[in-house]
Amino acid sequence: MAWVLLAVAGLLEVGWSIGMKYTEGFTRPWPSVFTVAGIVASMFLLSQAARTLPIGTAYGVWVGIGAAGAAVLGMVVLGEPVTAARIFFIALLLVAVVGLKATSGH
């Protein structure tokens with residue numbers, strides 16, 4: 001169950017990180033409310049997963065999901081540059097996330 005919570009926390013991190021773009025420095029009320037709610041929910045689920053999983057693994061996987069997801073959505077939704085190097089490093093992040101899970105002992 002901890003891995004499910006962690007995956008959801010990571011997906012929420014993707015959501016709130018992309019949401020930051022739409023808050024315009026937290027000057028737009030509704031995008032700001034949704035972004036802050038995503039941050040709180042993501043952190044809460046991370047903390048619940050970390051009760052069972054090693055914190056280094058939980059945090060690393062959470063950050064990896066968030067970073068890779070935000071980078072991909074940035075390219076797909078926000079029109080950020082799509083380069084071979086960016087795709088390579090996103091893939092490298094995903095390999096690291098899988099490696100952390102595989103070596104966590106849980």
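Numbers for residues simply follow the sequence, beginning at 1. All values below come from the heavy atoms of this structure, side chains included, with hydrogens, waters and symmetry mates left out.
For residues 30-47, no pair satisfies salt bridge (Lys or Arg N to Asp or Glu O under 4.0 Å), with sequence neighbours left out. Applying the salt bridge (Lys or Arg N to Asp or Glu O under 4.0 Å) test to every pair with at least one member in residues 67-79, sequence neighbours left out, gives no pairs at all. Sorted by first and then second residue, the side chain to side chain donor-acceptor pair (under 3.5 Å) pairs with a member in residues 24-34 form an empty list; sequence neighbours excluded.
Taking the side-chain hydrogen bond (donor to acceptor under 3.5 Å, both in side chains) definition, one finds that T23 meets it with nothing, sequence neighbours left out.
For the atom pair L6 CG and L45 CG, the distance stands at 9.0 Å (nearest 0.5 Å). Note that the OG atom of S17 and the CG atom of L12 stand 10.5 Å from one another [nearest 0.5 Å]. In this structure, T52 OG1 and W3 CH2 are separated by 10.5 Å, a value rounded to the nearest 0.5 Å. Atom CD in E13 sits 10.5 Å away from atom CD1 in I18 (nearest 0.5 Å).
The same ILVMFWY cluster, assembled from side-chain heavy atoms under 4.5 Å apart, contains both I90 and V14. V36 and M20 fall within the same hydrophobic cluster, defined by Ile, Leu, Val, Met, Phe, Trp and Tyr side-chain heavy atoms under 4.5 Å apart, directly or through other members. V40 and V33 are not part of a single hydrophobic cluster, where members link through side-chain heavy atoms under 4.5 Å apart. Taking hydrophobic clusters as Ile, Leu, Val, Met, Phe, Trp and Tyr residues chained together by side-chain heavy-atom distances below 4.5 Å, F26 shares a cluster with M43. Grouping the Ile, Leu, Val, Met, Phe, Trp and Tyr side chains by contacts below 4.5 angstrom, directly or via other members, places L73 with Y22.
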Indicate every side-chain donor-acceptor pair of residues 55-72 with a distance under 3.5 Å to a residue at least two apart or in another chain.
from : atom 1 : to  : atom 2 : distance (Å)
W62  : NE1    : A9  : O      : 3.3
W62  : NE1    : S42 : OG     : 2.8

Report, one line per pair, each donor and acceptor closer than 3.5 Å where one atom sits in a side chain of residues 74-89; sequence neighbours left out.
from : atom 1 : to  : atom 2 : distance (Å)
T83  : OG1    : R86 : N      : 3.1
R86  : NH1    : P81 : O      : 2.7

